[in-house]
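A short write-up of the structure that comes next.
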Amino acid sequence: MRTSQLLIPTLREAPGEAETVSHTLMLRAGLIRKVAAGIYTYLPLGLRVIRKVEQIIREEMNRAGAQELLMPIASPAELWQETGRWNFYGKELVRFKDRHEREFCLGPTHEEVITDLFRREVRSYRQMPLNFYQIQTKFRDEIRPRFGLMRGREFIMKDAYSFDQDETSARVSYQKMYDAYHRIFTRCGLTFRAVEADTGLIGGSSSHEFMVLADTGENTIVYSDTGTYAANIEQAEVLPPPDMDTEVARPLCPVHTPHCRTVDDVTKFLNVSPAHLVKTLLYSTGTDTIAVLIRGDHEANEVKIQRFLRVTDLALADPAVVERVTGAPVGFAGPIGLQHVRIIADHAVKALRNVIVGANQRDTHYVDANWDRDFQVEQFADLRSACAGDPSPKKDGTLKTTKGIEVGHVFMLGTKYSEAMKASFLDLHGNECLAVMGCYGIGVGRTAASAIEQNHDAKGIIWPYPIAPFHVHLLPLTQSAHTATITAQLYDELQAAGLEVLWDDRDERAGVKFNDADLIGAPFQIVVGDKGLAEGVVEVKTRKDGVKLKLPPAHVTAHLLQRRTS
RNA sequence: CGGGGCGUAGCGCAGCCCGGUAGCGCGCCUGCUUUGGGAGCAGGAUGUCGGAGGUUCAAAUCCUCUCGCCCCGACCA
């Protein structure tokens, strides 16, 4: 393709709206333009990248035995009402009425539509297992879209849905997708990790997130430094500490702690480590107030607390509730003498002796409190988030933390949807059974953005070869007839060899072409100019390391064909 | 939804406090020169100052309302 025939509006300066590297570079390299918050146009260059990612996904999904179809973007309210998600999904689900006042929504995901298809068309176990996928534009009215394609409201997603006869077979389908995802992200040139993920209140069944490792990731993941364990921090199990503190219990003693409301305040004021303080967090479940005891330097994990309490509604109690329950302002809550409130505690608290706790009285804490003597704990459980330094729950090392971008998610659904929508089939014995489902998503735009997060330098993007918009950027620098002839020959020859070539045929100065080429990030640049041609060579520059190689034009194609895989 | 910030030329911004001719850099157009890492000179075009009301002789500037966007948080997967 010639640059003059392609809209590639590169920007010298970074637009103010962009915050992350990938967002800035996608705008600067002319891949995308914003239409509204979280809604983008893919410009020619951006679309080429998207198509590359889609093609890799398509090949690997087909290879894994999934079949492609395409569902509508609009779906009728009735389907969503059947599973209860019409109400449950909230404002993220964009709803509208057609001219006949019938209610519809824009699909944020397609479990309902695909399950409806299954129950209409599939009768027998002989037709199973089945796995359907589509690559399609989704719409979720995200509360806060950000980072360009990283978290948009409208975005392209590959979603797949498997239907199996039983749990065992479903597990096989799940594993096939898990393996396919590994191949897909590897082929996209990404450094990633599959981590155990939260299964929410559906519970029980497996879920893995595929995380691209990048500092700008919105998720925190923990992994074993010497083993294979990796999990979303929301999910990571924390083992109870093996040893009890051996200190002898000292007498309980109140201390004056003026205006010390936070762990930080108190520990600084008393000059002790946060690990010797136990914070008392009051949560409202909608019907109840619960006190949760967590060691001062640990982070409460609301997902775990929710799961433990078996509630769907959980939030820190508001100040009015805290004052009513404790009789003190926020910041001085403690378990001693706390009435009419269930008290649960994290495992770590059990191992502690002589801790500091709030006294349920303004400007007062207790020191040397001990749970077996001074207050009652209903139950100890895993209620905090893992942190760096914790032992791996698989006992294969010590945990470290890193940030990740969730590019894929595989999920065992079980019979949640088949049950709600009566998606059944007849088994070998003529019994009616519910299909066991799985669902599998990949964010296409997010995958492309992640690749930029991992592959860039100060000059611009450094595309991994398999998803680069073009393989070769051809840069004639001079206007001479000789340059023109050689450039045209190289262009034809490279294309004939199957390489995708972007030919910068603009009448621009060398510096402009170099800088745009570095920004756009094709893996190879070929520089053609009178200076080189006088010696009978052109330059082949590798974007990744900047190394320039002088080659006779006739050798260039063979050279690139040989290097393209490396 | 709570907190903070920003809307001025295609892009990046100044001007606003203290009301009085709308500016700078880049980009764009024309010409000449230049031509291997974002050229030089000369000339030129481009703004409902996000929108609506109000105050005032006079509003980009002050006041009220509104819309949009960005950031932090809550929320969601």
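In what follows, every chain begins at residue 1, and chains take the letters A, B, ... in the order their sequences are listed.
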Can you tell whether the side chains of Asp518(A) and Lys541(A) come within less than 4.0 Å, N to carboxylate O?
yes

Practice problem: Between G44(B) and U48(B), how far apart are the C1' atoms? Round to whole Å, please. | Solution: 23 Å

Sorted by position of nearest nucleotide on RNA chain B, 5' first, the leading residue of Gly529(A) and Gly16(A) is Gly16(A)

Its glycosidic angle compared against 90° from 0, U21(B) adopts the form syn

Tell me whether Glu19(A) is salt-bridged to Arg146(A), with the criterion being a basic N under 4.0 Å from an acidic carboxylate O.
no

Bounded by its outermost nucleotides with an atom under 4.0 Å from a heavy atom of chain A, the footprint on RNA chain B reads C11(B) to A77(B)

- [ ] Mind checking Lys34(A) for me? I need base, sugar-phosphate or nothing, with any heavy atom below 4.0 Å counting as a touch.
- [x] sugar-phosphate

C1' gap between C41(B) and G37(B), integer Å
22 Å

**Study point:** Distance between C1' atoms of U55(B) and U21(B) (Å, rounded)
**Key:** 23 Å

| query | Taking NZ, NE, NH1 and NH2 as the nitrogens, is one of them in Arg151(A) or Glu218(A) under 4.0 Å from a carboxylate oxygen of the other? | reply | yes

Walking RNA chain B from its 5' end, the first of Asp507(A) and Arg153(A) to be reached, judged by nearest nucleotide, is Asp507(A)

(request) Could you label the plane-to-plane angle of the His182(A) and Phe210(A) rings as parallel, tilted or perpendicular, counting under 30° as parallel and over 60° as perpendicular? (result) perpendicular

